[in-house]
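Just so it is clear, the structure is predicted and the values come from calculations on it, not from any experiment. By convention in this document, chain letters (A, B, ...) are assigned in the order of the sequence lines, proteins followed by strands, and residues within each chain are numbered from 1.
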2 protein chains.
Amino acid sequence: MKPDSVFKKAFNRTLQLLDEGAVDISATSENALRARIGVSRTTVRKVLGELQARGIMRISEDGATVGRNILKSDYFPDLETTSKRQHVEEQFMEWMLRGDTQPGTLINELQLARQFGVATNGVREFLIRFSRFGLIEKKQNSGWLFKGFTEAFALELFEIRVMFELRSAHLFAELPDDSPLWGELADLKTEHQRLLREIGGRFHDFSRLDNRLHRLINRAAPNRFIDDFYDVITLIFHYHYQWNKKDELQRNEAAIREHLAYIDALLSGDTHEIERTCLRHMTSARTTLVRSIQVAA
Amino acid sequence: MKPDSVFKKAFNRTLQLLDEGAVDISATSENALRARIGVSRTTVRKVLGELQARGIMRISEDGATVGRNILKSDYFPDLETTSKRQHVEEQFMEWMLRGDTQPGTLINELQLARQFGVATNGVREFLIRFSRFGLIEKKQNSGWLFKGFTEAFALELFEIRVMFELRSAHLFAELPDDSPLWGELADLKTEHQRLLREIGGRFHDFSRLDNRLHRLINRAAPNRFIDDFYDVITLIFHYHYQWNKKDELQRNEAAIREHLAYIDALLSGDTHEIERTCLRHMTSARTTLVRSIQVAA
DNA sequence: AAGTTGTTTTTTATAAGTAATATGCAAACG
DNA sequence: CGTTTGCATATTACTTATAAAAAACAACTT
């Protein structure tokens, strides 16, 4: 059976839009709402049906009207609005990075499936998807080998990352003056500066900015393999930093400054300076990752 | 139900070993045979059981003896000795590269499953595995988009390949004199020279040599992401060249000469020359791939 | 005509089930 | 005692089944 997490998420999103006054229930067609939420009309209709059933929306001859105010309890819990796939990912990452799973451990699909409360199929699909991250390896007609979230992994990851980043940075510098990416880079600079000023309160926002900067640089000359590789980085950082809170404020503040130097170098077009600032940022990012692995071990 | 392709392959392999006289049935333990074939003892026992049932092997008080000669008809057909997974891969590659599947085509799991004679799950697992090749892309809660085996794909592939190859070649040149890889490189040179002399008869053997050379070079400084990327190259070339026979002899001969120049450069340690010969080989490989894509289109 | 809604058909995301294979344990053998 | 075999159990590689969601079709509005 397929879960109805898509519906529940769409339902919550619709409630939110209604609550914010962003959509007018009497003047919004199914199709418009569909486009807004990014879901099929079938699901939109199910949402509208539920809204009526709960009395939040009422249909009369003149069309739809608001039935009653939206309560907090109308929202489905977050857990029910995400797919099994997402749950498997989160639980696996937790099992791998936070549990004391040792390098060399054999991964058992059946056992993980029971542990995570899903069918073996879901675990298997996840592992196949996850295998490209270089942390696990399939054994023929047997399970998977966990190679370990080790220093070697971090070093290999960064060797590639540095190659790709330098390549993209150089290509970025060669963009024509009228490229819209320059404007985006300038905007990012401003956002970095603002975050630096407000660093105390919202230093968590850094990782989103980090992602945006590096993806912007990659966009100078798109290459699907580089993009895919960046997905690896994103996932690793997402989970790893989520659980590594040590010195987070200082680390992020330092990284923002490195970013700003890097951005300035890009804006200046000075090839040497670009390389220098890029490498400095890469090196410190690598050090941070390696150090946190060592601490965990 | 799980297919018994592992058993059938093991059975065929055992017949072959017996026929070659490589194993002595009366003096080989289950465990020794297991290690030899690379399969579990459970399967080995099934094989031995089948050998007895067919009268190929006989068990008496003194132990096992040969019952009768092995016939060609004793072997299981090849098709039954490979997993469904392998079949799906082959059929999908054929569908993608040989059929006139257009870029932008939406891939339908159900339809492919019916076409290939497997359950949808098998197709899905294959597609997940295949997605890292950069040719397809998942659409949320919908099918997969075939992005096309296009010139853009080939160029992006080769941009990365060149980066990785140059990196590995330089590191290879820096290997200490006593590294065993130097000997392997010298052996490969000899094999290239022999193949060049016998090129008329066995030019198909080139692709295996190609693979060995590049993987050897990567071994100078292993990086799992580079290895994984080389899997992409291997698969693409395997299928693409399997069906692109035009000028195959000339192409392979030229490539062998390029390899020899590249190997000599590596042996000489001349950094400039390494770069030059490496780039020349990469460029011509890229040209070949791009041209064959254009022909197909 | 173009957009809107109602209905039917197709496809996906997941679960459950099953024979083949791998793994683990114990008895028997040398 | 270390190796071989017999047997029981666990795990994998699949197939089949099903509700949710998407897509396609058709009728109905402006």
Side-chain angles (χ1 to χ4, degrees), chain A residues 1-10 27-35 37-49 59 63-64 82-88 106-114 116-128 138-144, chain B residues 1-10 27-34 37-49 59 63-64 82-88 106-114 117-128 138-144:
Chain A
M1 180 163 115
K2 192 173 182 173
D4 56 356
S5 54
V6 171
F7 156 68
K8 285 175 174 166
K9 189 172 221 157
T28 310
S29 77
E30 290 175 0
N31 205 41
L33 198 54
R34 181 199 66 74
I37 307 188
V39 87
S40 78
R41 201 161 62 82
T42 306
T43 303
V44 166
R45 303 192 93 222
K46 200 169 161 189
V47 168
L48 294 173
I59 296 278
T82 44
S83 65
K84 285 279 174 187
R85 211 168 95 181
Q86 189 64 35
H87 296 169
V88 171
L106 279 166
I107 295 168
N108 186 319
E109 290 177 5
L110 194 60
Q111 194 180 306
L112 284 187
R114 282 193 288 245
F116 298 169
V118 296
T120 52
N121 241 309
V123 171
R124 172 183 276 253
E125 284 176 16
F126 170 78
L127 292 172
I128 294 172
K138 182 81 177 90
K139 305 259 121 186
Q140 266 298 321
N141 281 311
S142 171
W144 299 75
Chain B
M1 183 165 111
K2 193 174 181 172
D4 56 358
S5 55
V6 171
F7 156 68
K8 285 175 174 166
K9 188 171 221 158
T28 311
S29 77
E30 291 176 0
N31 204 40
L33 199 56
R34 181 199 66 75
I37 307 187
V39 86
S40 79
R41 200 160 62 81
T42 307
T43 304
V44 167
R45 303 191 95 223
K46 200 170 161 187
V47 167
L48 294 174
I59 296 279
T82 45
S83 65
K84 286 278 175 187
R85 210 169 95 181
Q86 189 63 34
H87 295 169
V88 171
L106 278 167
I107 295 168
N108 185 320
E109 291 178 5
L110 195 59
Q111 194 180 305
L112 284 186
R114 282 192 288 245
V118 295
T120 51
N121 240 305
V123 171
R124 172 184 275 253
E125 285 175 15
F126 170 78
L127 292 172
I128 294 172
K138 182 84 176 85
K139 306 258 121 186
Q140 266 299 319
N141 281 312
S142 172
W144 298 75

Closest to the B:Lys46 side chain, choosing from C:dT11, C:dT21, C:dT14: C:dT21
To the nearest Å, how far apart are A:Lys2 NZ and C:dT11 C1'? 8 Å
Let's see if you can work this out: which of C:dT5, C:dT11, C:dA15 has an atom nearest to the side-chain heavy atoms of A:Glu30? C:dT5
Mind checking side-chain hydrogen bond (donor to acceptor under 3.5 Å, both in side chains) for B:Arg114 and listing every partner two or more places apart, or none if nothing turns up? none
Report yes if the side chains of A:Leu33 and A:Leu48 come closer than 4.5 Å at any heavy-atom pair, otherwise no. yes
OP1 or OP2 of C:dA2 versus the side-chain N and O atoms of A:Asn31: is any pair under 4.0 Å? no
Report the residue (A:Gly143 or B:Thr120) whose heavy-atom-nearest nucleotide on DNA chain D is the more 5′ of the two. A:Gly143
Just jot down the salt bridge (Lys or Arg N to Asp or Glu O under 4.0 Å) partners of A:Arg124, sequence neighbours excluded, or say none. A:Glu109, B:Glu125
C:dT11 OP1/OP2 closer than 4.0 Å to side-chain N/O of B:Asn108: yes
Nucleotide C:dA20, atom P - distance to NZ of B:Lys9 in whole Å: 18 Å
Hits for salt bridge (Lys or Arg N to Asp or Glu O under 4.0 Å) against A:Lys46, two or more places apart or cross-chain, chain-then-number order -> none
Partners passing salt bridge (Lys or Arg N to Asp or Glu O under 4.0 Å) against A:Lys8 (at least two apart in sequence or in another chain): A:Asp4, A:Glu80
Measure CZ/A:Phe116 against C1'/C:dA15 and give the value in whole Å, please. 17 Å
Does any residue of residues 38-45 of chain A have a heavy atom under 4.0 Å from DNA chain C, and if so, which ones, in number order? A:Arg41, A:Arg45
Considering residues at least two apart in sequence or located in another chain, which fulfil the side chain to side chain contact (heavy atoms under 4.5 Å, CB included) criterion with B:Ser142? B:Lys139
Using a cut-off of 4.0 Å on non-hydrogen atoms, how would the nucleic acid contact of B:Lys8 be classed: base, sugar-phosphate, or nothing? nothing
Suppose we screen for side-chain hydrogen bond (donor to acceptor under 3.5 Å, both in side chains). Which residues come up paired with B:Ser29, at least two apart in sequence or across chains? none
B:Leu106 or A:Gln111: which one's nearest nucleotide on DNA chain D is closer to the 5' end? A:Gln111
Taking only residues two or more places apart in sequence, or in another chain, which ones meet A:Arg45 in a side-chain hydrogen bond (donor to acceptor under 3.5 Å, both in side chains)? A:Glu30
What about A:Lys84, does its side chain sit under 3.5 Å from the base of C:dT14 through a donor-acceptor pair? no
Using chain A heavy atoms and a threshold of under 4.0 Å, write down where along DNA chain D the contacts begin and end, 5' to 3'. D:dT11 to D:dA24
